[in-house]
There are 2 protein chains.
Amino acid sequence: MSDRNLSQLDRALFGLRSLIMNGEFSSGQRLSEVAVAKMLGTSRTPLRQAMDRLVAEGLLVRIETGGCRVATFTRADIADAIEIRGVIEGTAARMAAQRGVSTELLTQIADTLDGIDRAINDPGGINFDCYVKRNAEFHALLAKCSGSDLIRSEIERVSLLPLASPSAFLIEQAAIPDFLDSLRYAQRQHRAILEAITNRECARAEALVREHARLALINFNYLTDDQPTLVNNVPGLTLVASK
Amino acid sequence: MSDRNLSQLDRALFGLRSLIMNGEFSSGQRLSEVAVAKMLGTSRTPLRQAMDRLVAEGLLVRIETGGCRVATFTRADIADAIEIRGVIEGTAARMAAQRGVSTELLTQIADTLDGIDRAINDPGGINFDCYVKRNAEFHALLAKCSGSDLIRSEIERVSLLPLASPSAFLIEQAAIPDFLDSLRYAQRQHRAILEAITNRECARAEALVREHARLALINFNYLTDDQPTLVNNVPGLTLVASK
DNA sequence: CTGGTCAAACATGTATACAATAAACGCAAG
DNA sequence: CTTGCGTTTATTGTATACATGTTTGACCAG
């Protein structure tokens, strides 16, 4: 049903990205077009396009002599990617505060944050799926607040950088006390960000969002240092050089 | 000689980009693959890849029903693109100041800035080509100072956004008094940036670079508002919606 | 046994053919 | 005269064949 009205290119793109993120290839491995094409049940032409896109995303790197290989990331790369996302999202927040945001949008954000509260405080235990969904929604709305399509698309782009996405380290299995604390802290930041934007406090909004992005880095360090058993549950983490 | 050891893809990429930037197509025009392929003397396959890249760069936009068209930019888009470049370059400068930069690299930057001084103060009048070249060199070195390949490639990427490049509005014909002032001012900023990085003044370095990027915006406004006759000398400016 | 060179297999870059789909045009009906 | 529909045209998406260049493996020489 999901494959029906998808182009071959989309199938190849999603398929290959998922193969890579799930660690089906060893990091640094060279990918043969014919082999992967057969694997994905498509021809070389759309696969090639998909590979081009993944090169642009940074998941693959081109080889000078031709072809591409799976990218390898250092811990510094992950930190830098998160930093860049924070900086651009911070710019979005600053612009939002500077230019002002419509009441509808502000209300929409407030509603989203209410949803996060409900997800966290669910009497039957935290509703993780809902949290992740609402969190992504918050970040999307934040990008929209900037009022700039260019900013929005840059945030989208930079969130594709491996493990830079706001949801990169939010995994079901991580519903352990330490993480719950982290989620509550993040939610207070969300509220503060909304307040800063509402009050047109540019500098505060930018600083808050930058700090907020650092949570991803904290989660990354926590996962790799203290919860190495969970590493395989985080898509893409197999691409990080183990030091 | 330049075409010899270039792949068809590169030829198509450079060729098409140059056609678009030089305003050979009207902004918003849909591009027929066969027509453009014939125009560039290549087949559809490499042209298609080139188009994909230009879509990623933002110079073309995909049409839902298939194919692509030349992008159109508003003045707000240009301003946003410049802002984003400033923010990321600013991050590079902050990181450089934070982490410290090798003496060789600092010396290299100082040499480049000396070169700019010589270009500006040339007894035979300003040496524009040299200025542009050295200016690009300075920005490349700044990116390198961050010590992060990811940051470097992101700066490169964002400088491809139409008219966001540090050299976008530096054109020979603009060697008029107002612009010369602007170049001298820019050079003082260059020196200040180098000083801030050398002294490890993170916040100052970031703020200076952000402010420095705004020069591009000033030049953009000056060109479009006060020197409309020069508009056709700036590659890519024809893509900006004339209001 | 090791290093180098040659050859064969293979992978990629490019061109092109074909099919499906969207755009354009004309014609007819209201 | 305008609007809607059907047909034709043209354009894109996909597959595949071919040629060039790279990698790999084997064999020979030192």
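In the text below, chain A, chain B and the rest are named by the order of the sequence lines, each starting its count at 1.
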Would you please name every residue forming a side chain to side chain contact (heavy atoms under 4.5 Å, CB included) with [X], sequence neighbours left out?
X        : answer
B:Glu156 : B:Arg152
A:Arg210 : A:Val87, A:Glu206, B:Arg94, B:Glu206, B:Arg210
A:Leu160 : A:Arg17, A:Glu57

Considering only distance and modelled atom types, tabulate donor-acceptor pairs under 3.5 Å from the side chains of residues 20-27 of chain B, sequence neighbours left out.
from, atom 1, to, atom 2, distance (Å)
B:Ser26, OG, B:Gln29, OE1, 3.2
B:Ser27, OG, B:Thr72, OG1, 2.8

ask   = In whole Å, what is the span from the CZ atom of B:Arg62 to the P atom of D:dT12?
value =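 Rounded to the whole Å, the gap is 13 Å.
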ask   = To the nearest angstrom, how far is A:Arg11 atom CZ from D:dG13 atom P?
value =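 After rounding, the reported distance stands at 15 Å.
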query = Between D:dT23 and A:Thr65, is there an OP1 or OP2 to side-chain N/O distance shorter than 4.0 Å?
reply =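 For A:Thr65, the contact criterion (side-chain N or O under 4.0 Å from OP1 or OP2 of D:dT23) is met.
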Residue list, salt bridge (Lys or Arg N to Asp or Glu O under 4.0 Å) with [X], at least two apart or on another chain:
X        : value
A:Asp77  : none
B:Arg44  : B:Glu33
B:Arg69  : none
B:Asp225 : B:Arg75

Outermost nucleotides of DNA chain C that come under 4.0 Å of a non-hydrogen atom of chain B =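 First and last nucleotides in contact are C:dT14 to C:dA23.
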key: Side chain B:Thr112, main chain B:Gln108, donor-acceptor under 3.5 Å   =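 Between the backbone of B:Gln108 and the side chain of B:Thr112 there is a qualifying donor-acceptor contact (under 3.5 Å).
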Contact list for DNA chain C against residues 26-45 of chain B - heavy-atom distance below 4.0 Å =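 Those residues whose heavy atoms fall under 4.0 Å from DNA chain C, taken from residues 26-45 of chain B in numerical order, are B:Arg30, B:Thr42, B:Ser43, B:Arg44, B:Thr45.
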key: Sorted by number, the residues of residues 49-61 of chain B with heavy-atom contact under 4.0 Å to DNA chain C   =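 Nothing qualifies; none.
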message = Suppose we screen for side-chain hydrogen bond (donor to acceptor under 3.5 Å, both in side chains). Which residues come up paired with B:Asp80, at least two apart in sequence or across chains?
response =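 Scan of B:Asp80 (side-chain hydrogen bond (donor to acceptor under 3.5 Å, both in side chains), adjacent residues dropped) gives A:Arg99, A:Ser148.
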